[in-house]
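The structure under discussion appears below in the form of structure tokens.
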Amino acid sequence: MADGSHTEAIEKKKRLRVMVIKEIVQTEQDFISKIEMLCNDFLKNMRERQTFDAVRFSPDIIATLFCNIEAVLELHRQFLQSLNGRIKGDVPRFTTEIGTVFVEFRDRFKPVYSEYGKNHEKAQKMLNELMQDQHYRAFFQGCMLMGGQKDQTEEIHGYLLAPLQRVCKYPLLVRELAKYTPADHHDFGPSTEAAEAMKDVCSVINETKRRMEKLVAIAEWQTTVEGWEGSNITDTCNEMVKQGPLMKISSGNTQERSFFLFDNLLVYCKKNSGIATRRHSKKTEKKNSLAMNESSLYTFKGRIPLSQIEIENIEDGTADYHSSGTKVVHGWKVHNSSKRKWFVCIAKTKDEKSEWMDAILTQRDRRRKLHLLGGSALDFTAAWSLIQDKGMRLHGQMRDNGIIKDRSKHLRTYHKSFVGSEFAQWLVDQNEVGSVEEAVTMGQALLDNGIIHHVNDRHNFKSSNVLYRFRFDDGTFKAKHEMQDLLAKEYEDRELRRDSQNEIL
């Protein structure tokens, strides 16, 4: 029995090492696609149309915004080519050696990223200034939406940050590689050295070191969450602002949940007890090997973009519909406007309640100011109109191609629905996006903005066997002026609360 267990452990380690190599290569390909989008859809368009309408992109603006991004792209193409060169037969094996590739590229990464990192704060400052002009905002939003990217105005900031995000992930990825590489493996020494080499690369970017440390921290935090849904945390957030346990009341159930407030997102999880639970399918393991390690401390339960969150104070001793008749002390209501659901949070003390409410409101209002840019609710409407147009076009094409149809699941028929994985692959096949990851991004943007939703309003968008529906098809679509009121915190329609009866977030 002991020999059998030892053999099984060795085989498992071999499989995990192969999965990590696949993860490194696949995420590198995805990153390159992202930077190609930045160069082709933004940089190229700005160069070819340096002046159009009321927008002027001078050579100085372009140089400041993009710095040496083309050198970054070319370097990573060569890096990926070297990685693939070590994989014989195009399929990673346990014997595959890639540690030396990271070591060899250390001195090539350093000067390129030193230049890009030093310029980054200047680029962000200029972009913030450009975003004060509605014409520049319209241009950037149009590039993102028509390219199948996220709708938020900050997303161009995120794409310019992507190279730094990628570098900060290398130490984590290579550390995982070394973890599953036996000491007698030819790649053990190089893998260990590679982890230090990538830390060395990160350290040269002095101006963004603090931000990168925060990105590394939240990227590592995500690996402790089992069953993560939606885009990676570093795709939308830069830092964790607050965390802690709160009681959550929804659908008559009172449960303790671990809440995590980021600068752009509120996440809540179930804290795992003892050994991490194992509920991943084989497909999920292949797609996200790093998210199912032995250090899974939490199980994902839900996420709410701060742009879609409303909170409401509850006077102590109040018992109402949303608390399922339970008298609440030190509590407040949370409204997820993208799912049109409510739940109640309860803190242990009055001070803790104040800290949570203040933190959520501060981060949410900061985000809305970035959207509204001076309080102009019209900017929200313009952005949402572009998303609506995109959704309507996709809706027509999907209907014509038979992607949308009546489907049966769990002895129920869901009319005019579509499967998340089919939608994602269809977007790739239609060249709407460059990868399934980008398809998930687009799907989440459509969901966050009220264009599509899960048939039972229980899930964010994910590329799996989950059913979604366009709100155009089930009568739940909201008109433009209603969406504007909702996002601008001016809505008064409280009939949405009745939907919380069936909430499972």
Side-chain angles (χ1 to χ4, degrees), residues 150 152 218 221-237 240-272 277 279-280 284 288 291 296-312 322-324 331-347 356-357 359-360 363-364 367 420 440-441 443-450 452-464 466-468 486 496-497 499-505:
K150 290 186 179 178
Q152 291 90 349
I218 64 175
W221 169 84
Q222 186 182 321
T223 68
T224 70
V225 180
E226 183 182 17
W228 180 265
E229 293 184 10
S231 56
N232 289 326
I233 192 69
T234 53
D235 290 341
T236 55
C237 301
M240 185 186 293
V241 177
K242 187 174 178 59
Q243 62 172 306
L246 297 170
M247 299 306 295
K248 176 176 175 286
I249 302 177
S250 63
S251 301
N253 297 317
T254 302
Q255 300 166 314
E256 182 176 274
R257 292 288 182 252
S258 296
F259 280 76
F260 303 89
L261 177 64
F262 298 87
D263 53 329
N264 289 327
L265 199 65
L266 179 66
V267 178
Y268 50 97
C269 306
K270 174 185 175 183
K271 188 172 183 178
N272 296 336
T277 56
R279 295 175 184 165
H280 295 330
T284 303
N288 194 8
S296 292
L297 303 178
Y298 307 97
T299 298
F300 179 87
K301 289 297 179 181
R303 57 190 277 170
I304 309 176
L306 294 189
S307 60
Q308 308 291 338
I309 200 170
E310 298 290 341
I311 65 173
E312 181 180 316
H322 294 110
S323 65
S324 302
W332 66 96
K333 299 177 185 179
V334 176
H335 181 212
N336 181 348
S337 62
S338 64
K339 290 188 175 181
R340 308 181 185 184
K341 302 297 180 183
W342 292 82
F343 61 82
V344 173
C345 286
I346 301 176
W356 269 104
M357 292 186 68
I360 293 172
Q363 296 303 318
R364 185 204 65 183
R367 180 175 180 81
V440 171
T441 292
Q444 189 65 39
L446 293 171
L447 188 146
D448 286 344
N449 287 275
I452 66 172
H453 67 126
H454 176 249
V455 291
N456 291 322
D457 290 322
R458 296 182 181 180
H459 293 287
N460 289 287
F461 185 82
K462 49 187 177 181
S463 178
S464 63
V466 177
L467 295 182
Y468 299 89
L486 182 65
L496 298 176
R497 298 185 182 185
D499 291 339
S500 61
Q501 184 176 7
N502 297 318
E503 178 192 16
I504 301 177
L505 291 173

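Using a 4.5 Å heavy-atom threshold, the side chains of S258 and Y268 count as separate. Residues F259 and P245 fail the side-chain proximity criterion, which asks for heavy atoms closer than 4.5 Å. Using a 4.5 Å heavy-atom cutoff, the side chains of I311 and M357 are in contact. With contacts defined as side-chain heavy-atom distances shorter than 4.5 Å, the pair L261/M240 does not qualify. In this structure, the side chains of L265 and I304 stay at 4.5 Å or more apart for every pair of heavy atoms. The shortest side-chain heavy-atom distance between L297 and K271 does not fall under the 4.5 Å cut-off. The shortest distance between side-chain heavy atoms of V466 and F461 does not fall below 4.5 Å.
For the pair Y468 (side chain) and N460 (backbone), a donor-acceptor distance under 3.5 Å is present. A donor-acceptor contact shorter than 3.5 Å links the side chain of Q222 to the backbone of I233. Remark: the backbone N or O of L246 is not paired with any side-chain donor or acceptor of R257 at under 3.5 angstrom.
One side chain, K248 or S250, offers a donor N or O that lies under 3.5 Å from an acceptor on the other.
Across all their heavy atoms, L266 and L306 have their closest contact at N-CD2, 4.0 Å. Here the closest non-hydrogen pair linking C237 and I218 is O-CD1, 3.6 Å. Nearest heavy-atom pair across H454 and H459 is NE2-CD2, 3.4 Å. Between R303 and S231, the shortest heavy-atom distance links the atoms NH1-O, 3.1 Å. Between H335 and K341, the shortest heavy-atom distance links the atoms CD2-O, 3.1 Å. The heavy-atom pair separating W356 from G244 by the smallest distance is CZ2-N, 3.7 Å.
The distance from atom CD of E310 to atom CD1 of I360, rounded to the nearest 0.5 Å, is 11.5 Å. We find the CD-CG distance between Q363 and D263 to be 6.0 Å, quoted to the nearest 0.5 Å. Note that OH of Y298 and CH2 of W221 are 8.5 Å apart. Values are rounded to the nearest 0.5 Å.
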**Q.** side chain to side chain contact (heavy atoms under 4.5 Å, CB included) evaluation trace for K462 with V440
**A.** CA-CA 6 Å; K462 49 187 177 181; V440 171; 5.7 Å; no
Q) Run the side chain to side chain contact (heavy atoms under 4.5 Å, CB included) check on T299 and V225 step by step: do they pass? A) CA-CA 5 Å; T299 298; V225 180; over 6 Å; no
Q: Could you please spell out the steps behind the side chain to side chain contact (heavy atoms under 4.5 Å, CB included) verdict for T223 and W228?
A: CA-CA 9 Å; T223 68; W228 180 265; over 6 Å; no
Q: May I have the step-by-step check of side chain to side chain contact (heavy atoms under 4.5 Å, CB included) for W342 and N336, ending in yes or no?
A: CA-CA 6 Å; W342 292 82; N336 181 348; over 6 Å; no
